[in-house]
Amino acid sequence: MIPMLLIVFLILLLLGVPVAFSLGIPTILYFFLNIGTIPIEFMPHAMTNPLFNYVLIALPAFLLSGRMMNGTGVTNRIFNLARALVGRFRGGLIYTNIFASMMFASMSGTAVGDAGGLGQVEMEMMDRAGYKKDVAAGVTAASSVLGPIIPPSVNMVILGATASISIGKLFMGGIIPGLLMAAALMLNVTLRAHFTEEGRSWPVDKVPGKEVLNACLQGILPMLCPVIIIGGISLGVVTPTEAAILAIDYAILLGLLYREISFKSVWETLEATVASAGTFMYIIAVAGFYTWILTREGLPQMLTALLQPVVGYSQTVGLLVIAAFLLVVGCFLDTTAAILMVAPILMPIVNSLQIDPILFGIIMVVALIIGIITPPFGICLFVVSDVAKLPVSAVTKESLRYLPAMFITLLLLIFFPQLVTWLPGLLT
C-alpha cells in the first residue's frame, strides 16, 4: 500500500498538480480502499487535529508581520542600508543583495516573501547598475534561502509544532547557521569577483559618505524588529507567538511613522496573508492525514530498519545520511509539505541516535530549503523567473553557482554541531 501512496503522489506532483491535492488524492483513495476498517468520521479528525496547536498561531502572525514590513517602506530602507555598507566592493550590489536578504530574513520568515518582495527591489537596482539580468536573478533566488534559516522562520514554527520541538530554541539555533550561510554566499561572490573574467567586470557602487550616514540612520528603526523578536524570546519575556504579534504592531508603528501605510494597503496585506496562511493550513491538514496513513502502514518502522545499519555508526554519520535524504526530498517537495511528511517519520531515528532535536531541526530546515533553488520544483526559481521576466532555465543556471557554498555550510553544521546548539543551550 505504501508504494501505491508514494507513486500516486509523485505522479500527481510531476504532472504539476498542487502539493495539497497531490497529497489529498492518494489519501482519499486509501480511505475508500479501507472504508470498512477506518470510520468515516476519522478523516476530518485526522485533518483538523494538527491544526489545534497553539504555536501555529505564530504562522499567520509572522506571515503578516513580514508583509507589513514589505508594505510600509521598510524594504527600501533595508536595501539602502545594505548598499551603504557593502556596495563599495567589486560586485557591490551582489553583496548588497545577500546582505539585505539576511536583514529582511529577520522580519519576513519566508523565502518566497524575500524573493518576491525585497527581490524585486534588488533586481531593479542591479539592472539599472548594469548587471546582467540572470546574475541579478540568480543571486536573488540563492539569497532567499536565508529567509527560513534566520529567525523568525515560518518553517521552524511548522517544524516545532509538528515534531514537538521548542520553537524558541529553534529560532536561537538558526542565528549562527543563518549568518554562516550568508558569509558563505558572500565568499562565493568574492571568489567570482576576483578570479573570473565575468566577476572582474562587475561594477563598484560607491555611496557618498553623507548617504551612508543617512542610510544608517534610516535603518536603525527597521533593524530593531529582530531585536524585539529574538531578544524578547531569549529573555523569556514573550513566547514566539507573542513575539509575532509584537512584530505586527511594530510594523504598523513604522508604517505610521514613515507615512507609508493606508487602509487600502493594510487591507491588501491582510488579504494576501489570509490566502497564504490558508494554503499553509490546508497543506498541514491534508499532510496530517497522509502522514497518519504512512505511519499506520508502518513506513517509520521500515525506514528505521533500512537506515539503522547505516546511521547506527555515529551521530555524525546518521546526520550525513539524513541530510542527504532531505536534500533529495527538497528537490521534489515544498519545504512545508516535506516537514509535515518527513519530520514525524524521522524523529524515531533521531531519538534512537540521541541526536539533539534542535540540531536535527536546523539541519532539516537548511537541507530542505536548499531545494527551493534546485530543479525540478524549486519554488523560488519560478517566483524570481516571474518577477525578472526570464526563463526558469536562466535563473536556475545562475543560482546553482551558489550551491557549493550552501553544501559547505550544511557540512559545517553536521561536523561542528556546537554552531547550532550553543545559543539554544544558553536558554536552559
*For Arg90 and Tyr95, run side-chain hydrogen bond (donor to acceptor under 3.5 Å, both in side chains): C-alpha distance rounded to whole Å, both residues' side-chain angles, the deciding distance at 0.1 Å, then the answer.*
CA-CA 9 Å; Arg90 183 185 300 158; Tyr95 288 110; over 6 Å; no
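- Screening residues 233-259 for salt bridge (charged side-chain N to carboxylate O under 4.0 Å, His left out) gives no qualifying pairs among residues at least two apart or on separate chains.
- Residue Ala182 comes nearest to Leu146 through the heavy atom pair N-CD2, 3.7 Å, listed as atom of the first residue, atom of the second, then distance.
- Counting heavy atoms from C-beta on, the side chains of Thr27 and Met47 never come closer than 4.5 Å.
- Classification of Glu398 and Arg401 as a salt-bridged pair holds, one side-chain N sitting under 4.0 Å from a carboxylate O.
- Side-chain contact between Val189 and Trp202: present, with at least one pair of heavy atoms (C-beta onward) separated by less than 4.5 Å.
- For the atom pair CG (Leu326) and SG (Cys331), the distance works out to 11.0 Å, reported to the nearest 0.5 Å.
- Taking all atoms of both residues into account, the shortest heavy-atom contact from Ser166 to Ile358 is O-CD1, 4.2 Å.
- Judged by distance alone, with hydrogens and angles left aside, the side-chain atoms of Ser399 form no donor-acceptor pair with the main-chain N or O of Gly138 at under 3.5 Å.
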*Determine, step by step, whether Thr335 and Asn155 satisfy the side-chain hydrogen bond (donor to acceptor under 3.5 Å, both in side chains) criterion, reporting the C-alpha distance in whole Å, the side-chain angles of both residues, the deciding distance to 0.1 Å, and the verdict.*
CA-CA 7 Å; Thr335 308; Asn155 293 124; 5.0 Å; no
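- Thr409 meets the side-chain contact (heavy atoms from CB on, under 4.5 Å) test with Leu180, Met181, Ala184; sequence neighbours excluded.
- Salt-bridge annotation for Glu260 and Arg77: present, with a side-chain N of the basic residue lying under 4.0 Å from a carboxylate O of the acidic one.
- Side-chain N/O atoms of Thr421 and Asp356 include no donor and acceptor closer than 3.5 Å.
- Contact between Gly219 and Leu81 at its shortest, heavy atoms only, is CA-CD2, 4.1 Å.
- The side-chain contact (heavy atoms from CB on, under 4.5 Å) search around Leu246 returns Ile228, Val238, not counting sequence neighbours.
- Under the side-chain contact (heavy atoms from CB on, under 4.5 Å) criterion, Leu253 pairs with Tyr250, not counting sequence neighbours.
- For Ile339 against Thr162, the heavy-atom pair with the smallest separation is O-CG2, 4.3 Å.
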For residues 124-131, run the donor-acceptor check on the side chains, cut-off 3.5 Å, and write out each pair with its distance to 0.1 Å, sequence neighbours left out.
unit_1	atom_1	unit_2	atom_2	d
Tyr131	OH	Gly92	N	3.4
Tyr131	OH	Leu93	N	3.4
Tyr131	OH	Pro203	O	3.2

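- Among residues two or more places apart in sequence or in another chain, the side chain to side chain donor-acceptor pair (under 3.5 Å) test is passed with Glu271 by Trp267.
- In this structure the side chain of Ile370 reaches within 4.5 angstrom of the side chain of Phe407, judged on heavy atoms.
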